[in-house]
Structure formats: C-alpha cells, structure tokens
Trainee: 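For reference, the structure I am asking about is given below.
Naming: A, B, ... by sequence-line order, numbering from 1 per chain. The figures here come from the full heavy-atom set of this structure, side chains too, leaving out hydrogens, waters and symmetry mates. Remember, predicted model here, so these are calculated numbers, not experimental data.
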Amino acid sequence: MTGSKTFYLTTPIYYVNDVPHIGHAYTTLACDVLARFMRLDGYDVKFLTGTDEHGQKVEKSAMNAGIAPQEFTDRVSKNFRDLVSLMNFSNDDFIRTTEPRHIASVQELWRRLESAGEIYLGSYAGWYSVRDEAFYGEDELTTSPSGKKIAPTGAECEWVEEPSYFFRLSAWQDRLLEFYEQNPDFIAPAGKRNEVMAFVKSGLKDLSVSRTTFKWGIPVPGNPDHIMYVWLDALANYITAVGFPDESGEYAKYWPANLHMVGKDILRFHAVYWPAFLMAAKLAPPKRVFAHGWWTIEGQKMSKSLGNVIAPETLVNTYGLDQTRYFLLREVPFGNDGDFSHKQMVQRINGNLANDYGNLVQRSLSMIGKNCGAAVPQPGAFTEADDALLGAARNLLPIVRAEIRSQSFHKALDAIWAVIGDGNRYVDEQAPWALKKTDPARMATVLYVLAETIRHLAILTQPIMPEASAKILDQLAQGPEARGFDRLGAGGALVAGTPLPTPQGVFPRYVDEAKS
RNA sequence: GGCGGCGUAGCUCAGCUGGUCAGAGCGGGGAUCUCAUAAGUCCCAGGUCGGAGGUUCGAGUCCUCCCGCCGCCA
C-alpha cells in the first residue's frame with residue numbers, strides 16, 4: 001500500500017478529563033469513514049487521534065483524586081482509547097500530549113518561533129478571578145458597593161500582572177487573510193470560513209503563550225518558570241505525530257495534513273492560531289480544517305444537569321454499531337447541527353437499512369440460494385434494464401468519491417441509496433420469481449445483475465458500515481483481497497459458478513420493546 | 001451594537017450565475033406484487049416559497065425595508 005498518494009487526517013486531541021459522548025464519537029467517526037474510504041481508494045493514509053492531557057484543570061483533578069497528574073491521565077485517557085475499539089475506529093496512531101515525543105516536538109516548535117523573533121517576553125495583565133480561574137475584560141465587570149470589581153459570575157476579581165511570553169499574532173493578520181484568499185477550501189463549511197475571516201479582519205492581538213500559574217504542562221525552553229499555553233501545546237500534536245522535529249520520514253511524507261476535523265467550538269484555534277504558528281515557524285500550514293456541528297438529544301441541548309448526555313456505548317448497545325455509524329452520518333448534512341431522536345434512529349434502521357438495503361440483499365441472495373444452486377448464476381446477454389442498473393452501480397464511485405472528499409457524507413449516502421432504490425425497483429420489474437417458471441435463463445441473468453450490483457454497494461458502504469458490509473461481501477464470496485475500490489466495475493465482476501454461502505440477514509429490524 | 005446566515009408541503013430539508021423551480025425524503029391516504037427482514041413497487045400533498053414594496057417581458061432565485069430565528073464578533 002505504499003504509493004505517492006498520501007492522505008493525513010486528524011481528529012482534535014480530546015480533553016482527557018472529559019467523558020466521551022456522542023460528540024466525540026461523531027468527530028472521530030467522520031474521520032474514520034474518510035480514512036477507510038481513502039485507503040480503499042488506494043491512498044497511503046495516516047489517521048490520528050489522541051488526548052490533550054495538560055493544563056490547570058487536569059492538575060487539579062489529579063490533586064482531588066489524590067494522585068500525580070501523569071498517573072491520573074494514564075487512567076482517564078483510557079476512556080478515549082476505549083472509544084476507539086467501541087466504535088471500530090481505524091486510527092493509525094493515538095497521541096498523548098504527555099508523551100516524550102510530543103514534549104520534544106513542542107519545545108522545538110517554540111525554539112523556532114523564538115529564534116524567528118515571533119515570540120517575546122512581556123506581561124499579562126488584567127482582572128482575574130481566582131474562583132473562576134479566568135480573566136475578564138474591564139467592560140464585563142461591575143463594581144460592588146465596597147469598590148470591588150465583580151465578574152459576571154459574581155466572583156470577585158483582582159488586578160494581576162504576570163510575566164508572559166507573547167506570540168506576534170498581530171503581525172500575521174494580513175498574511176492569514178491572504179492565505180484564506182488563496183486557499184478558499186481551507187475552512188469549511190463556507191459559513192464558518194466567513195466567520196473566521198471576519199474575525200481576522202476585525203484585528204488580531206498578540207497572543208499570550210505561556211503561564212506561570214500552574215506547572216502541569218510543557219516548560220518553555222530556557223525558562224522553566226513558564227509553562228506553554230495549552231493550545232500551542234495541543235495543536236502541535238499534529239506535527240509531533242508525523243515525527244517532527246525530524247522533517248524527513250513521515251513528516252516529509254504526510255505533512256501538511258490534508259484535513260483537521262474539529263468541532264465548531266475550536267475552529268478559531270485551528271484556522272487562525274495554528275496556521276499562524278506554523279507559518280511563523282516556517283512550516284507549511286494544513287490544507288483544510290472542517291468544523292462540524294453539534295448534536296442535540298430529542299430536541300434538547302446535551303447537558304449534565306439535564307442528564308441527557310448520551311454515551312456512545314449506549315447507542316451501540318441499543319441500536320448496533322454500524323447502525324449508529326450510519327445514522328450519525330446520514331441523518332444530518334455534515335457541517336450542520338443535528339438532533340438525535342430514538343424515533344428517527346428507528347426510522348433509519350428500519351427504513352433505510354432493513355427495508356431498503358438489507359432487504360435488497362436478502363431477497364436477491366435468497367433467490368440465488370434457492371434457485372441457482374447456491375452459486376453465482378450464469379448471466380446471458382444483458383438487456384437495457386440490466387445495463388441501466390449495472391451502469392448506475394458502476395458509476396457510483398466517482399460520485400461518492402467527490403462527496404466524501406468534500407466531507408459531504410450525507411450526499412454520498414444519498415447517492416448510494418438511490419442505487420439501492422433502483423435495485424429494489426428492478427427486482428419488482430423483472431420479477432425473477434415469475435421467470436423461474438417461464439425463462440430460467442433470464443432469471444439467472446437478473447439475479448446475476450442483482451448480485452453484481454450488491455457487490456458494488458457493499459464495497460462502497462465499507463467505510464461507513466465496515467462489519468455489515470463485510471458480511472454482505474462474505475455472502476458474495478468476496479474475500480478481503482476483493483474489496484478495494486479497484487475491484488469496482490466490470491473488471492472485478494462476480495464469476496459465474498462461484499459457490500455462495502447460505503444468506504443471512506445483515507440489518508435486522510429494530511422492534512421497540514415498549515410497544516410490543 | 002457590528003458582520004454573516006436562515007425563514008419553501010405536517011416534519012426535515014433540495015432548489016448554481018432569475019424564465020419545466022414549485023421539488024425530495026419521512027409521516028399521512030389509496031392501490032398492488034409476493035422473491036424478501038409483515039419488507040418491495042406505484043399513485044395522492046393543491047404549500048400566497050416569513051411580510052411589504054421595487055427592478056424586470058418574467059423572481060423562492062436580484063435590490064430595499066420590516067418581522068422572526070441562529071451564528072460569529074464586540
């Protein structure tokens with residue numbers, strides 16, 4: 001699988017203290033589907049995910065748990081590694097920001113920024129609330145009767161000044177705008193791109209990139225009183241994972257990244273700060289950042305207080321793994337916010353998966369099993385209808401490829417499902433059960449066309465639903481070597497006479513227990 | 001407050017540079033095949049395309065204003 005075509009994509013590194021929820025699963029799922037697709041399409045793919053393990057809050061949580069920060073993160077980062085196996089993610093690496101490779105990488109990045117004159121030592125001053133651990137702007141504060149400054153949260157603030165290193169972000173405003181202009185696909189969706197550009201146009205201030213108020217982080221080279229700003233630390237994981245500061249090897253092969261997938265809340269860091277850091281360090285910026293949306297649950301925002309946070313495990317256990325993967329990418333145009341509801345999930349499972357896809361496979365394969373000696377039937381000459389269906393199936397790859405590459409997963413699925421619909425219509429029109437008595441040879445041709453169509457569908461649904469698609473391909477006696485996209489089209493066509501196993505249902509209907 | 005977006009059939013939404021653009025899916029109603037997971041297929045929605053003006057031979061599709069949502073920024 002080594003070739004000149006490479007594709008490097010990343011999820012954000014997840015804040016290690018979080019408990020994985022549907023949002024984390026969604027982000028990584030989108031990347032997983034893209035990664036699997038590109039691999040099947042012949043690319044040399046590197047797919048990275050991981051955990052962000054530094055910062056004051058981690059330090060405190062560890063203290064509360066009565067253990068050292070490293071031990072604490074070792075423990076909780078497992079939650080995210082478990083998510084990988086739960087969701088059948090195919091990442092090639094799992095990075096943790098506490099790893100030595102990362103510390104070396106970030107410190108080298110710092111040195112390059114510093115030697116390029118992009119970092120200077122100044123002081124960070126402002127109204128600080130110890131209780132909130134946050135700075136507030138003068139205009140956000142109110143004054144109490146006793147003359148104290150009060151934050152919107154009601155916390156008392158004090159004026160503090162601490163030495164801090166700054167990154168000359170203000171100097172990058174014009175170059176960033178130029179970069180956005182020259183790379184119109186750098187930020188997606190388009191609406192988000194406009195927001196980012198408006199933000200940059202409104203003026204950038206130099207960015208504080210070190211703190212002296214906590215210790216759990218990566219020390220600034222040459223001045224260990226300072227701990228690096230968490231985002232500088234976190235963002236650099238993307239180059240750490242390809243071997244930076246070694247710029248040969250994987251770095252040369254994979255960098256710049258083809259895609260950073262992020263939630264919309266962290267777009268600014270990836271679309272403004274990150275390219276600025278990289279360009280300032282004379283490194284190439286990534287090619288694209290995609291900001292996806294949020295999920296609500298049954299119409300309500302997910303929140304701990306409402307108690308409606310959905311664990312990915314719950315979804316998988318309730319509805320099935322591939323069903324969950326399918327739903328998340330089919331239900332909502334990728335990039336938009338979406339709502340998860342039990343009703344819609346059941347609708348998708350029973351309508352799209354069981355009735356449309358599953359049933360097409362089952363009715364076709366079962367007729368072959370019963371009427372064609374459990375082997376791939378011998379086709380005769382193809383009719384116009386046969387060619388139409390086969391043509392639709394064989395033309396799917398370029399359509400699906402274009403959609404997947406632009407992260408329009410829902411459109412890719414729409415295109416595949418259009419052919420599934422064609423397939424079901426074809427069965428009705430050709431009525432092979434009637435041909436069985438009148439024209440067995442024609443029946444064999446019809447069933448062959450169906451099997452060959454299903455082969456295409458199953459190969460193409462592998463990235464979204466790896467397990468279910470594999471089951472279908474098993475039933476067509478297509479081994480692992482016959483499942484790449486290079487086998488799509490007439491060249492990889494099923495060979496008549498190939499013995500087939502007894503077909504089994506792949507997408508069971510979901511029956512609501514409450515109603516039965 | 002500034003900038004941007006949105007408001008199209010019950011629901012979720014497609015509709016690029018103005019003239020088959022009044023559509024799809026789901027729900028709902030009706031018909032039908034019987035191979036299949038009580039699955040499939042076919043037909044039916046008369047929605048002033050948020051409101052009011054304007055440009056044009058002609059506007060969901062462009063302009064202005066208003067109303068209602070949402071995002072980003074301050």
Side-chain angles (χ1 to χ4, degrees), chain A residues 136-140 187 189-205 263-269 271-272 291-294 296 298-299 301 320 323 327 330-341 343-372 377 403 408 410-411 413-418 420-438 440 443-444 446-447 449-451 454 468 471-472 475 502-511 515-516:
Chain A
Y136 291 98
E138 183 89 49
D139 53 344
E140 294 178 281
I187 301 166
K192 296 288 179 232
R193 176 171 186 264
N194 292 338
E195 288 180 5
V196 169
M197 290 183 71
F199 170 73
V200 174
K201 279 177 188 164
S202 74
L204 296 174
K205 293 177 189 165
K264 60 185 183 179
D265 56 326
I266 56 173
L267 176 60
R268 183 198 295 179
F269 303 102
V272 180
H292 71 246
W294 295 136
T296 52
E298 304 289 353
K301 200 172 168 182
Q323 286 83 349
F327 178 87
R330 178 68 187 271
E331 180 68 3
V332 175
F334 196 68
N336 291 9
D337 288 345
D339 183 56
F340 173 88
S341 75
K343 187 183 167 194
Q344 280 302 309
M345 174 66 105
V346 172
Q347 164 58 39
R348 291 290 181 190
I349 290 174
N350 290 344
N352 298 168
L353 295 180
N355 297 352
D356 295 342
Y357 193 12
N359 195 224
L360 174 64
V361 173
Q362 182 75 357
R363 67 199 304 205
S364 302
L365 296 185
S366 114
M367 278 188 279
I368 290 173
K370 290 174 187 167
N371 304 313
C372 304
E403 301 297 5
S408 299
H410 61 295
K411 288 188 182 173
L413 287 166
D414 282 346
I416 292 172
W417 253 254
I420 290 172
D422 291 343
N424 276 319
R425 260 183 296 282
Y426 174 87
V427 177
D428 276 29
E429 287 162 5
Q430 300 301 322
W433 54 88
L435 293 170
K436 178 179 176 181
K437 294 168 186 169
T438 59
M443 176 197 72
V446 167
L447 294 178
V449 168
L450 283 167
I454 291 167
K471 281 186 196 167
I472 296 171
Q475 297 186 31
T502 305
Q504 293 178 334
V506 175
F507 296 111
R509 293 179 62 78
Y510 182 92
V511 180
K515 288 179 182 173
S516 59

Trainee: Can you tell me how far P in A14(B) sits from the matching atom in G30(B), rounded to whole Å?
Mentor: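 These two P atoms come out 31 Å apart once rounded.
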Trainee: Does Asp422(A) have any side-chain hydrogen bond (donor to acceptor under 3.5 Å, both in side chains) partners at least two apart in sequence or in another chain, and if so, which?
Mentor: Arg425(A)
Trainee: Could you state the CZ-C1' distance from Phe334(A) to A14(B), rounded to the nearest angstrom?
Mentor: 20 Å
Trainee: Which label fits G60(B), syn or anti, where anti is any glycosidic angle not within 90° of 0?
Mentor: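 G60(B): syn glycosidic orientation.
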Trainee: Side-chain N or O of Asn359(A) versus OP1/OP2 of U37(B): is the shortest distance under 4.0 Å?
Mentor: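 So the side-chain polar atoms of Asn359(A) never come under 4.0 Å of the phosphate oxygens OP1 or OP2 of U37(B).
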Trainee: May I ask you to test the Val449(A)-Gln430(A) pair for a side-chain heavy-atom distance under 4.5 Å?
Mentor: no
Trainee: If we call it a pair only when both distances are under 3.5 Å in a Watson-Crick or G-U wobble match, what pairs with G1(B)?
Mentor: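 Matched G1(B) with C73(B) under the 3.5 Å cut-off.
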Trainee: What is the distance, rounded to the nearest whole Å, between atom NZ of Lys192(A) and atom P of G71(B)?
Mentor: 9 Å
Trainee: Would you say a side-chain N or O of Gln347(A) is under 4.0 Å from OP1 or OP2 of G27(B)?
Mentor: yes
Trainee: What integer number of Å spans the C1' atoms of C62(B) and G19(B)?
Mentor: 14 Å
Trainee: So, OP1 or OP2 of C73(B): does either fall under 4.0 Å of a side-chain N or O from Arg268(A)?
Mentor: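 Yes, Arg268(A) has a side-chain N/O under 4.0 Å of OP1/OP2 on C73(B).
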Trainee: Are Lys471(A) and Gln504(A) packed together at the side-chain level, in the sense that at least one heavy-atom pair is separated by less than 4.5 angstrom?
Mentor: no
Trainee: Got Ile349(A) and Phe327(A) here, is their nearest side-chain heavy-atom distance under 4.5 Å?
Mentor: no
Trainee: Check whether Trp433(A) forms a cation-pi arrangement with Arg363(A) (NZ or CZ under 6.0 Å from the six-membered ring centre, at most 45° off the ring normal).
Mentor: no
Trainee: Could you check whether Val506(A) gets within reach of a base, just the sugar-phosphate, or nothing at all, counting any heavy atom under 4.0 Å?
Mentor: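 Base: the residue Val506(A), judged by heavy atoms under 4.0 Å, touches a nucleobase.
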Trainee: Does any nucleotide pair with G60(B) by Watson-Crick or G-U wobble geometry, both distances under 3.5 Å, and what is it?
Mentor: none
Trainee: Measure the distance from CZ on Phe327(A) to P on C26(B) and round it to the nearest whole Å.
Mentor: 15 Å
Trainee: Counting side-chain heavy atoms from C-beta on, which of G40(B), U37(B), A36(B) comes nearest to Ser366(A)?
Mentor: A36(B)
Trainee: Among C73(B), U37(B), G40(B), which is the nearest nucleotide to the side chain of Gln362(A)?
Mentor: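 For Gln362(A), the side-chain atoms sit closest to U37(B).
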Trainee: Looking only at atom P, what distance separates G47(B) and G10(B), rounded to whole Å?
Mentor: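 To the nearest whole Å, 8 Å.
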Trainee: Quick one: look up who C49(B) pairs with, Watson-Crick or G-U, both distances under 3.5 Å, and put none if it's unpaired.
Mentor: none
Trainee: If I pick the P atom on G51(B) and the same atom on U34(B), what distance separates them, to the nearest angstrom?
Mentor: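 So the two P atoms sit 49 Å from each other.
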Trainee: With RNA chain B as reference, determine whether Trp433(A) or Leu353(A) sits nearer its 5' end, using the nearest nucleotide of each.
Mentor: Trp433(A)
Trainee: Say we look at U55(B) and C43(B): how far apart would their P atoms be, to the nearest angstrom?
Mentor: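 Result for the P pair: 43 Å, nearest Å.
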Trainee: Between C43(B) atom P and Arg425(A) atom CZ, what is the distance in whole Å?
Mentor: 9 Å
Trainee: Once you apply the 3.5 Å cut-off to both distances, tell me the Watson-Crick or G-U wobble partner of C42(B), or none.
Mentor: G30(B)
Trainee: Just to be sure I understand the rule, does Gly191(A) reach a base, reach only the sugar-phosphate, or reach nothing, if contact means heavy atoms closer than 4.0 Å?
Mentor: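 No contact at all - Gly191(A) keeps every heavy atom at 4.0 Å or more from the nucleic acid.
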Trainee: Establish, with yes or no, whether the OP1 or OP2 oxygen of A36(B) is under 4.0 angstrom from a side-chain nitrogen or oxygen of Lys370(A).
Mentor: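 For A36(B), OP1 or OP2 has a side-chain N or O of Lys370(A) closer than 4.0 Å.
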Trainee: For C6(B) versus U61(B), give the span between their P atoms, rounded off to a whole number of Å.
Mentor: 12 Å
Trainee: Between G40(B), C35(B), C73(B), which nucleotide has the shortest distance from any of its atoms to the side chain of Ser202(A)?
Mentor: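 The closest nucleotide is C73(B).
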Trainee: Which one, G27(B), U37(B), G40(B), comes nearest to the side chain of Arg509(A)?
Mentor: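 For Arg509(A), the side-chain atoms sit closest to U37(B).
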Trainee: Starting from P on A74(B), measure out to NZ on Lys205(A) and report it in whole angstrom.
Mentor: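 Result: 7 Å.
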Trainee: Please report, rounded to the nearest Å, how far the C1' atom of C35(B) is from the CE atom of Met367(A).
Mentor: 4 Å
Trainee: Sort out the partner of G25(B) for me: Watson-Crick or G-U wobble, both distances under 3.5 Å, none otherwise.
Mentor: C11(B)
Trainee: Using 30° and 60° as the class boundaries, would you call the ring planes of Phe334(A) and His292(A) parallel, tilted or perpendicular?
Mentor: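 Rings of Phe334(A) and His292(A): tilted, 30 to 60°.
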Trainee: Could you tell me how far apart Lys201(A) (NZ) and C73(B) (C1') are, to the nearest whole angstrom?
Mentor: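 Checked: the NZ to C1' distance equals 13 Å.
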Trainee: Taking the same atom, P, in C44(B) and in G7(B), what whole-Å distance lies between them?
Mentor: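 So the two P atoms sit 27 Å from each other.
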Trainee: Rounded to whole angstrom, note down the C1' distance from A45(B) over to A9(B).
Mentor: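 One C1' to the other, the span is 6 Å.
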Trainee: Can a donor-acceptor pair under 3.5 Å be found between the side-chain atoms of Asn355(A) and the base atoms of G40(B)?
Mentor: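 By the distance-only test, no, there is no pair.
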Trainee: For His410(A) and A24(B), what is the distance between atoms NE2 and C1' respectively, to the nearest whole Å?
Mentor: 13 Å
Trainee: Strictly by Watson-Crick or wobble contacts shorter than 3.5 Å, is anything paired with G68(B), and which nucleotide is it?
Mentor: C6(B)
Trainee: On RNA chain B, does the nearest nucleotide to Asp337(A) precede the nearest nucleotide to Ala198(A) from the 5' side, or the other way round? Give the residue.
Mentor: Ala198(A)
Trainee: Any non-hydrogen side-chain atom of Thr296(A) less than 4.5 Å from a side-chain atom of Phe340(A)?
Mentor: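 No, too far: nothing below the 4.5 Å cut-off.
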Trainee: Hey, does Asn352(A) have a side-chain heavy atom less than 4.5 Å from the side chain of Phe507(A)?
Mentor: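 In short, these two side chains do not touch, never coming nearer than 4.5 Å.
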